[in-house]
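Comments concern the structure below.
Below, read A as the first sequence line, B as the second, and so on, with proteins coming before strands; counting in each chain starts at 1.
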Amino acid sequence: MMELTVNRSTKDRCPRCAQGGILSDTTTGENFCDKCGFVLSDKAAASGPEWRSFSKDDGTDRARAGTPTSLAMHDMGLATVIGHTDKDATGKPLSASMRSTIERLRTWDNRTQVHEPIDRNYRQAFSELDRLKDKLAVGDAVIEKAAYIYRKALEKGLVRGRSISALIASALYAACRDTQTPRTLKDIGIASNVKRKDITRCYRLLLLELGLKMPVVDPVNCIARIASKTGLSEKTKRDATKILKTAEESKISSGKDPMGLAAAALYVACVANGENKTQRDVAEAAGVTEVTIRNRYKGLKVSLDL
DNA sequence: TAAGATAAGAGGGACAT
DNA sequence: ATGTCAGTCTTATCTTA
């Protein structure tokens, strides 16, 4: 059963078609338009105050709370920095000699924070991760997970000889798998500009070296994603879910690409409900080919006695 | 124009050597 | 470690309704 919570509290209109309201899908964490299926990035909702609130000109805005600590920051958001106020704890100006001392400390404080190779690596990786987050519209939990995996990988020295972008992309893919967030290798490949082959190689390496255990992705989770991309009705979605359930029971689903399976089920449900979607439409939304849909379709027909 | 069929090719898992 | 095999998916092309 696909839960769909309607997010009526925000009166947001879809930025693309300006007609639909914004719904959020609790299984994938995606926000999308109920009319045209446009998927929004969750950037706006997640952006908090700046993570370092020390401003250059004055030190009076103590009201800022800052963000919680995050693994997806090179120093986990915990860095202590020396402020720029040149005042002591009681607010009195510093003496000239003390000021130059502090100035020198500040310089070194900066250098140790930014210029250590490990930190540089993290910075680069996590800025890449942030980019991917926007492109793929995944939730914060997935990003945290990906960052965690990446840190583990770096500790084990797995980055040597591999590109950071490939590593971070596969860490993100692993995080998606782990959190049951349906994103395909293809999605991540496109977003990260890393070849699918490289991602899979790194991904397997991560599983091997870190001893990760990944749950098999449930095709049911894929349905919501494809359906929202193609703008299908709730009923079709429910029917497709039912079809998948029976297909699983007749064990034709094992070893098959879950996206292809979900796409085929949706296609069957489309035909049954008289929704005018071609195989191509569904295939494109699912990121598989029409041939794959046809093949799964054949298997589905057997299990449903059509 | 959509749907079905067929063939060639790639990549990876299982298994044996 | 390396090679082979069965099975899956993709791409491309042709046919059918």
Numerically ordered, the residues 269-287 of chain A set in heavy-atom contact under 4.0 Å with DNA chain C is none
Please state how far atom NZ in A:Lys298 lies from atom C1' in C:dC9, giving the value in whole angstrom units. 13 Å
Distance check needed: C:dT13 P versus A:Glu290 CD, whole Å only. 14 Å
Grab the NZ-C1' distance between A:Lys256 and C:dA6 for me, whole Å please. 13 Å
Side chain of A:Arg294 (C-beta onward), nearest among C:dT8, B:dG4, C:dT11: B:dG4
Can you tell if the side chain of A:Lys186 reaches within under 4.5 Å of the side chain of A:Arg196, non-hydrogen atoms only? no
Whole angstrom is fine here: how far is it from CG in A:Leu208 over to P in B:dG12? 14 Å
May I ask you to check whether A:Asp239 and A:Thr236 show a side-chain donor-acceptor distance below 3.5 Å? no
May I ask you to check whether A:Glu128 and A:Ser192 show a side-chain donor-acceptor distance below 3.5 Å? no
A:Asp130-A:Ser127 side chain donor-acceptor pair, cut-off 3.5 Å: no
5'-most contact on DNA chain B (nearest-nucleotide basis), A:Asn295 vs A:Tyr267, goes to A:Tyr267
Using a 4.0 Å heavy-atom cut-off, does A:Arg296 contact any base of the nucleic acid, only the sugar-phosphate backbone, or nothing at all? sugar-phosphate
Approximate separation, where rounding is to 0.5 Å, of A:Lys145 NZ and A:Leu172 CG: 13.0 Å
Hey, are the side chains of A:Tyr150 and A:Ile164 touching, using non-hydrogen atoms and a 4.5 Å cut-off? yes
Within 45° of the six-membered ring axis of A:Tyr173 and under 6.0 Å from that ring's centre, is NZ or CZ of A:Arg183 located there? no
A:Glu144, CD atom: more than 12 neighbouring heavy atoms under 6.0 Å: yes
From the list B:dG12, C:dA12, B:dG4, which nucleotide is the closest neighbour of the side chain of A:Val291? C:dA12
Would you mind reading off the distance between A:Lys195 atom NZ and B:dG12 atom P, rounded to a whole angstrom? 13 Å
Any heavy-atom pair between the side chains of A:Cys222 and A:Pro182 that's under 4.5 Å? yes
Given atom NZ of A:Lys197 and atom C1' of B:dG12, what is their separation to the nearest angstrom? 12 Å
Using heavy atoms and a sub-4.0 Å distance, could you list which residues of residues 198-207 of chain A are near DNA chain B? By number, please. A:Thr200, A:Arg204
